[in-house]
Every structure is written in structure tokens, then in C-alpha cells.
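The block underneath contains the structure these notes are about, expressed in C-alpha cells.
Every chain is numbered from 1, with letters handed out A, B, ... down the list of sequences.
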2 protein chains.
Amino acid sequence: MATRIDSANPVFSLETLKVACSTCGLRELCLPLGLSAAEIKRVDAIVRRRRKVRKTETLYHAGMTCRSLYAVRVGFLKTRDPESSGSCRIFGFHMAGELLGLDGIAGGVHTCEAIALEDSEVCEVTFEDLEVLGRELPALQKRFHQILSREIQRDHQIMRVLGCKTAEQRLAVFLLDLSERYESRGYSPASFHLRMSREEIGSYLGLQLETVSRLFSNFRKRGLIEVERRHLILTDRPALQRIANDSDLE
Amino acid sequence: MATRIDSANPVFSLETLKVACSTCGLRELCLPLGLSAAEIKRVDAIVRRRRKVRKTETLYHAGMTCRSLYAVRVGFLKTRDPESSGSCRIFGFHMAGELLGLDGIAGGVHTCEAIALEDSEVCEVTFEDLEVLGRELPALQKRFHQILSREIQRDHQIMRVLGCKTAEQRLAVFLLDLSERYESRGYSPASFHLRMSREEIGSYLGLQLETVSRLFSNFRKRGLIEVERRHLILTDRPALQRIANDSDLE
DNA sequence: ATCCAAACTTGATATGGATCAATATTCACT
DNA sequence: AGTGAATATTGATCCATATCAAGTTTGGAT
């Protein structure tokens, strides 16, 4: 539960260099995508500090002033709606290379809260710095706009799922989405560990946890997946793909 | 069905002046919000052309290259998912002062289609121009980021509704949202005309049109609204408000 | 003015998930 | 190692909303 951790140490230098965007394995996913080496060096300079967030800890609460966005460097977080106290809606799960806090730019206040699902590390960049540097580096400005727009596209995808897919389809879409994201990070697309509970999956997909659990069992019986608690193997992705798309065509 | 209309006329000058942002009644809602008079003049210069879109006509199709965003000047449009052929998901309804095409920045391609629900007019600004001018006018840059972030917030709101509200709550949220948006445009928040069909409302809210129709009847019986086909009077907004929020607290 | 298609309303019935309930498994903590 | 609290599974039942069906109203085209 402690927050006094090495990365909060104000002594930068070597430590900072080691985790600079220039040498970060995520630069092909994260903010620096598409920038030249020289441009990335400039981005390095505005990455304020790396922050560690232990499992179950909160990166930011709703209502907190929001002056920065956070890039996930390692780990896995969820963002959730603070309002709906009951079955707290989960807006998203976020893995390495993804940016958090985009919703807070408009009002200067976080509208949701971000919680680590495993020990994580994030890089912080203030909007102010990003805007100033964006004026100098059109490629960075463009990249930032892309990221914001991408987020809107992602939200549309979720709206589509919530608005007109069956429970079965929702879970298939969810598993395939995770799979793709792991793959683009160099992990196996077919075998991975779920960082979230059945309840959290349900909250994200607009389903009850029992329904999620039943669907896992059902998928297993049909030979689509192997599931052992939170470890998952997608044994028949084409079939999942078919389930995910199918019924909105018929 | 014709698209040969005056605003497509390449002769600008007086015509253009008349509809410039500087003199536009929407400048407190639209892109120029918060800019100085001098800055707004600069924005005027990048508003390429005004385009008229007649009722039922399409402003852009999914798949079309997307180099611009569109600000609604007059009228009312919907954006919808082209994929789900059956009950085409509707992503949103858009009124004067709102911006369309934000999802297309990332890929340079429109991911949804925009269709006019009544005769409408939009102002076009290319992303390129917006980015170039944004570098010169930090206030404009900031405003653009705000708009993108606002859109993400809006999408979250919809995800919340689709993910954990009952049909009754969804309709209440929807009506109150329309009400607010009309009010902030100087119209009555309590009495307005629905530009969309029951089916379109249903598609937006993840409900069947019959359910929407029944809910209208039900709300009327309870004295919450008066509804005559597409004309609507919200006679008890506090009650609607209660319905909209209530049950996720209990 | 008339006709037709689209939009809407209302009723009857079916069903996918929610809800309630009981049990099993796992993990964190002492 | 042992205990209690999360987490997950599975079954039984219920209900909100979908689906099917019929009839009505409206508005646009001729």
C-alpha cells in the first residue's frame, strides 16, 4: 500500500535514460509512433516522471485535477466509472503502450478512475508540455490527434457490442480483442492470462458475472477455448471470430 | 436529391462573409469557443466551404477518405455504423455547433456514415489546416483537444447507459440529453420536435422500436411527457431526472 | 382527393440473461 | 498449515425486453 517507491525519487539521469522513449520497446505503439529518432529525443524531455502503481492501487481518482496523461509502460490497469456505485461500470482495460486520461482534457478533471490490476508503471506527460512540443513537432501533434481519434473509434466498437450483440458475441469479441492486443505486443495471441475477474469482464461487457462464467464453460465445452481459472487458451480463433461477427449479418 | 446548390458555388466573398465564424451565432458552442475576435478571424480563413445536405442525403460514407471535419451549422444529422446491416447501430445525433468526423482522423478514412435527418448545412475544415493553424494559435489547438476529449466523455456516457441502465432509464437519459442540448442552443428545454424515428431512437439506445413506443406511451400515462407523434413536451423533468439516475443507486 | 408505404401503437407470447441460491476453489494472511 | 474472504462455478427460477402479429395513423407522390 506504500507509494514511496524508487521512481518517485527526484534523481533522474541514468535511471531516466534507461527508460527514455528512445530506448523503450513500446515506441512503436505508444506516443512516439512514427516520429524520427531526433523527435523522440524531444519527447523524452517532456516525460515528467515514471510512476509505479501497485496492484489494486489507484493511479487517479475521478474528480482529481487532470493536467497529464499517462502512458502505460508495464502492467495492466482498468478505468471505471465512479458514479455507478453498484456494478461500477468498467470503461476499459489498458495495457502497455496505451494512454490513460484522455477524457480529462476537456474539463481539466478526471471523469473516471484508473486502478492497477497488476503492478504497473506509467509515464506521465502534461497536456501543456504535449501541446507546446506539438506546435514544434507537427508529427507529434498529428500522432496525438490520432490517438484521441483512435480512442473514439474504440468507444464506438464498445457501443456496437453493448448495443446489439448477444452475451456470447460480446465475450467472443472481448477475447479476440485481448488476443490481438497481446499479439501486437509480441505475446502469444492464443494463450494468455486474464488480469481481471469474471465480474470485471461482466461489468465491461454489460453482463453479470454468472453469465460470463457460464459462457466460459460453454465455450470450453464447444472446444473453442481452454480455461483454467484465469489462464486462457484460444483453441479455435476462427470459430470465435465467426461467433463475434456472425449474427449481425443474418 | 440534387447536390448542385448555391453554397457549392465557388464564388465566395459576400456570401462567405455572411456565414463566417465571426458572425456565426454558434461561435460559443462550436470550434471558436474561447477564442479572441482576432483568432476567430484566422479560423474563418480555414473554413473551406459550406455544404448543404438535404434530408436523407449522406454527408459522408464509411470508407471515404477523411481529410476534414464538419461542423453542423444548421440542421440535424445522425451518424451510424455501416457494418451492422440489420439494425444499423446509430452512434449519435448531431445538432448545430457539433463536430462530425472526429473518428476519421486516426485512419484517414471515415468509419461511420453521416446522414441528414433534416435539411442541414455544415462547415468543412481540413485537419491539415486545423493542425497548421493550431500551431500558431494555442487557444485553437487547446479547443480542438477539448472537443476530442469531450467526445470521449460523451461516448463514456453512452457506454454507461447501454451497459447498465434499463429501457426506461435509457429513454429518460436520452430525452434529458436532447433537452439540455436544445436549451444550450437557446431553444426550449421542455418542448421540442424529435427529428428521428422510434426505430432510430431504439437503435441509439440499444432497444427495439416497439419498446421505445411503449415507453413513450407509458411516460405519457404517468404524466412525465406529452407526446404527439414527434412533438414532445417534457412536463415533469425532475421526475425524468429521477428515473434517469435512480436505480443505479439502489 | 386518393393511394401507398412508412411510421407508429398496442397486444400476445417467447426467451436470453438476470437474479437468487448453494457449493467449490483459491488466495492472502496469521 | 490453517482460516476466512474473495472468486468462481453451476443450478433453478423469474422478468425485462425481444419478437411476432395486427391494426392505425400519417405524409408524400400521383
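- The CD atom of A:E199 sits 9 Å away from the P atom of D:dA8 (whole-angstrom rounding).
- Between the CZ atom of A:R198 and the P atom of C:dC27 there is a distance of 12 Å, given to the nearest Å.
- Atom CZ of B:R230 is separated from atom P of D:dG28 by 11 Å (rounded to the nearest Å).
- Using a cutoff of 4.0 Å between basic side-chain nitrogens and carboxylate oxygens, B:E98 and B:R185 are scored as salt-bridged.
- Distance CG (A:L171) to P (C:dG17): 12 Å, rounded to an integer number of Å.
- No side-chain N or O of A:R214 forms a donor-acceptor pair with one of A:N218 less than 3.5 Å apart.
- Put simply, A:S197 has no side-chain N or O that comes within less than 4.0 Å of OP1 or OP2 on D:dA6.
- Across the interface with DNA chain D, nearest-nucleotide mapping of B:E228 and A:V212 shows A:V212 to be the residue nearer the 5′ end.
- For the pair A:A106 and B:S149, the tightest heavy-atom approach, listed with the atom from each and the gap, is N-OG, 3.0 Å.
- Atom CG in A:L162 sits about 15 Å away from atom C1' in C:dG17, given to the nearest Å.
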What one-letter contact string describes nucleotides 13-25 of chain D from 5' to 3', where B marks a base within less than 4.0 Å of any protein heavy atom, S marks contact via sugar-phosphate atoms alone, and - marks no contact?
----SSBB-----
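- Geometric assessment of B:R80 against the ring of B:F91 yields a negative cation-pi assignment under the 6.0 Å and 45° thresholds.
- Between the side chains of A:T79 and A:H94, at least one donor N or O sits under 3.5 Å from an acceptor N or O.
- Note on the helix from C:dA1-D:dT30 to C:dT30-D:dA1: terminal axis deviation equals 50°, with five pairs used at each end and the result rounded to 10°.
- Atom CZ of B:F219 is separated from atom P of C:dT9 by 14 Å (rounded to the nearest Å).
- The distance from atom CG of A:N218 to atom P of D:dA8 is 18 Å, rounded to the nearest whole Å.
- Between B:E118 and B:R195 there is a salt bridge, since at least one side-chain N of the basic residue sits less than 4.0 Å from a carboxylate O of the acidic one.
- Spacing between atom NZ of B:K221 and atom C1' of C:dT9 amounts to 10 Å, rounded to whole angstrom units.
- Remark: of the listed residues B:L117, B:T58, B:L59, B:L59 is the sole one forming a side chain to side chain contact (heavy atoms under 4.5 Å, CB included) with B:L77.
- The aromatic rings of A:F76 and A:Y182 lie parallel to each other, their planes meeting at an angle below 30°, with 60° marking the opposite boundary.
- The pair A:E121-A:R50 fails the salt-bridge criterion, with no side-chain N (NZ, NE, NH1 or NH2) lying under 4.0 Å from an Asp/Glu carboxylate O.
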